[in-house]
Trainee: 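This structure is in structure tokens; I'll ask about it shortly.
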Amino acid sequence: MPPNLTGYYRFVSQENMDNYLRALDINVVLRKLVCLLKPDKEIIHTGDHMVIRTITSLRDYVMDFDLGVQFEEDLGPVDGRKCQTTVSWEGDQLVCEQLGEKRNRGWRHWLEGNQLHLRMTAEDEVCVQVFQKVK
């Protein structure tokens, strides 16, 4: 049975965010701003339904979805694109595939102790973020 990811997580670290954003064609000014942000994550996981809220001082982003069901995701707040998104479990990792203009776009979340890890991909770039569970 997959883990329940419900909780509030504070930002700890990130690697390679600028190159990841460059792969999404984000302009240099916005890339620099995003790289300074320290987002928190709030996850509500109830059965096959999840809400993942990314919270920043600039803007919040909310994903509200059912596991295994493809939906149109509006990534306008991120890079102005829409994609067909499916989120499902692969073992103990929550895996998101975002089909659209960018090849190899998606992410995966997993827990290691009280830390939530996020690995985001776009084209050939990988960004990794780590969050600490606080409640």
Side-chain angles (χ1 to χ4, degrees):
M1 177 154 191
N4 188 312
L5 300 180
T6 295
Y8 194 92
Y9 302 85
R10 292 225 186 270
F11 177 85
V12 173
S13 65
Q14 70 186 8
E15 296 175 16
N16 204 39
M17 178 60 86
D18 189 63
N19 288 334
Y20 168 76
L21 295 171
R22 185 177 290 125
L24 293 174
D25 304 321
I26 305 298
N27 73 62
V28 66
V29 174
L30 189 53
R31 285 198 325 262
K32 298 303 177 194
L33 179 63
V34 170
C35 287
L36 294 173
L37 296 175
K38 294 179 167 57
D40 287 347
K41 292 273 186 184
E42 181 180 38
I43 300 176
I44 301 167
H45 179 181
T46 310
D48 284 340
H49 186 80
M50 295 187 82
V51 177
I52 300 176
R53 207 169 135 221
T54 303
I55 304 158
T56 73
S57 56
L58 181 63
R59 173 182 299 167
D60 293 354
Y61 181 72
V62 178
M63 279 187 77
D64 188 333
F65 58 91
D66 291 316
L67 293 164
V69 178
Q70 188 176 73
F71 62 97
E72 182 175 82
E73 183 178 9
D74 183 356
L75 291 161
V78 179
D79 66 354
R81 295 182 173 94
K82 291 185 180 181
C83 59
Q84 294 302 309
T85 299
T86 306
V87 182
S88 56
W89 289 105
E90 285 183 13
D92 287 346
Q93 295 190 8
L94 187 64
V95 177
C96 174
E97 182 179 29
Q98 297 167 315
L99 301 174
E101 295 175 34
K102 291 294 179 176
R103 178 181 57 78
N104 192 34
R105 186 169 185 175
W107 52 259
R108 58 181 59 227
H109 274 299
W110 69 94
L111 290 172
E112 290 181 14
N114 282 332
Q115 288 193 325
L116 177 72
H117 293 256
L118 171 59
R119 181 181 187 270
M120 299 177 286
T121 59
E123 301 290 332
D124 294 322
E125 295 297 334
V126 177
C127 174
V128 176
Q129 292 181 321
V130 177
F131 303 85
Q132 181 69 41
K133 187 171 187 176
V134 293
K135 58 180 176 175

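Positions are given from 1, in the same order as the sequence printed here. It should be emphasised that the depicted structure is a prediction, and the values quoted were computed from it without experimental measurement.
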Trainee: Could you grab the distance from atom CZ of Arg103 to atom OG1 of Thr121, nearest 0.5 Å is fine?
Mentor: 9.5 Å
Trainee: List the steps and the verdict of side chain to side chain contact (heavy atoms under 4.5 Å, CB included) for Arg81 and Asp25.
Mentor: CA-CA 11 Å; Arg81 295 182 173 94; Asp25 304 321; 2.9 Å; yes
Trainee: ring-ring contact (aromatic ring centres under 6.0 Å, His included): which pairs involve residues 95-125, sequence neighbours left out?
Mentor: Trp107-His109, Trp110-His117
Trainee: List in chain and number order the residues that pass side chain to side chain donor-acceptor pair (under 3.5 Å) with Thr85, two or more places apart in sequence or in another chain; answer none if no residue qualifies.
Mentor: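 Result, side chain to side chain donor-acceptor pair (under 3.5 Å) vs Thr85: Glu73.
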Trainee: Test of understanding: with side chain to side chain donor-acceptor pair (under 3.5 Å), list the residues that count as partners of Gln70, not counting sequence neighbours.
Mentor: none
Trainee: Going from NE2 on His45 to OG1 on Thr6, what distance comes out if it is rounded to the nearest 0.5 angstrom?
Mentor: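 One gets 6.5 Å once the value is rounded to the nearest 0.5 Å.
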Trainee: Any side-chain heavy atom of Trp89 within less than 4.5 Å of one from Val95?
Mentor: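 No; the side chains remain at least 4.5 Å from each other.
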Trainee: Apply side chain to side chain donor-acceptor pair (under 3.5 Å) to Gln84 and list each qualifying residue two or more places apart in sequence or on a separate chain.
Mentor: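 Per chain and number, Gln84 pairs via side chain to side chain donor-acceptor pair (under 3.5 Å) with no residue.
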Trainee: Between Lys102 (side chain) and Ala23 (backbone), is there a donor-acceptor pair under 3.5 Å?
Mentor: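 Judged by distance alone, yes, a pair lies under 3.5 Å.
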Trainee: Please name all residues satisfying side-chain contact (heavy atoms from CB on, under 4.5 Å) with Glu15, sequence neighbours left out, ordered by chain then number.
Mentor: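 Result, side-chain contact (heavy atoms from CB on, under 4.5 Å) vs Glu15: none returned.
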Trainee: Check step by step if side chain to side chain contact (heavy atoms under 4.5 Å, CB included) holds for Leu5 and Leu111.
Mentor: CA-CA 8 Å; Leu5 300 180; Leu111 290 172; 3.6 Å; yes
Trainee: Using the rule given for side chain to side chain contact (heavy atoms under 4.5 Å, CB included), can you reason through Phe11 versus Thr56, listing the C-alpha separation, both sets of side-chain angles and the distance that settles it, and then say yes or no?
Mentor: CA-CA 10 Å; Phe11 177 85; Thr56 73; over 6 Å; no
Trainee: Run through the side-chain heavy atoms of Ile, Leu, Val, Met, Phe, Trp and Tyr, join any pair under 4.5 Å, and report what else lands in Val128's cluster.
Mentor: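 Val128 shares its hydrophobic cluster with Val126.
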Trainee: What residues form a side-chain contact (heavy atoms from CB on, under 4.5 Å) with Ser13, not counting sequence neighbours?
Mentor: Val130
Trainee: Restricting to non-hydrogen atoms, name the atom on Tyr20 and the atom on Cys127 that form the minimum distance, rounded to 0.1 Å.
Mentor: CB-CB, 3.7 Å
Trainee: By side-chain contact (heavy atoms from CB on, under 4.5 Å), which residues pair with Lys133, not counting sequence neighbours?
Mentor: Tyr9, Asn114
Trainee: Taking distance alone, no hydrogens or angles, what donor-acceptor pairs closer than 3.5 Å link side-chain atoms of residues 30-38 to residues at least two apart or in another chain?
Mentor:
unit_1: Arg31; atom_1: NE; unit_2: Asp18; atom_2: OD1; d: 3.0
unit_1: Arg31; atom_1: NH1; unit_2: Ile26; atom_2: O; d: 3.0

Trainee: With a cut-off of 3.5 Å and sequence neighbours excluded, list every side-chain donor-acceptor pair involving residues 47-54.
Mentor:
unit_1: His49; atom_1: ND1; unit_2: Phe65; atom_2: O; d: 3.2
unit_1: His49; atom_1: ND1; unit_2: Asp66; atom_2: OD1; d: 2.8
unit_1: His49; atom_1: NE2; unit_2: Asp64; atom_2: OD1; d: 2.7
unit_1: Arg53; atom_1: NH1; unit_2: Glu42; atom_2: OE1; d: 2.9
unit_1: Arg53; atom_1: NH2; unit_2: Asp60; atom_2: OD2; d: 3.3
unit_1: Thr54; atom_1: OG1; unit_2: Lys41; atom_2: NZ; d: 2.8

Trainee: Kindly state each residue pair satisfying salt bridge (charged side-chain N to carboxylate O under 4.0 Å, His left out) with at least one member in residues 106-119, sequence neighbours excluded.
Mentor: Glu90-Arg108
Trainee: Under the side-chain contact (heavy atoms from CB on, under 4.5 Å) rule, collect the residues that match up with Asn16, sequence neighbours excluded.
Mentor: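 Partners of Asn16 by the side-chain contact (heavy atoms from CB on, under 4.5 Å) criterion, ordered by chain and then number, come out as Asn19, Glu125.
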Trainee: Would you check if the side chain of Arg105 reaches a backbone N or O of Leu24 as a donor-acceptor pair within less than 3.5 Å?
Mentor: no
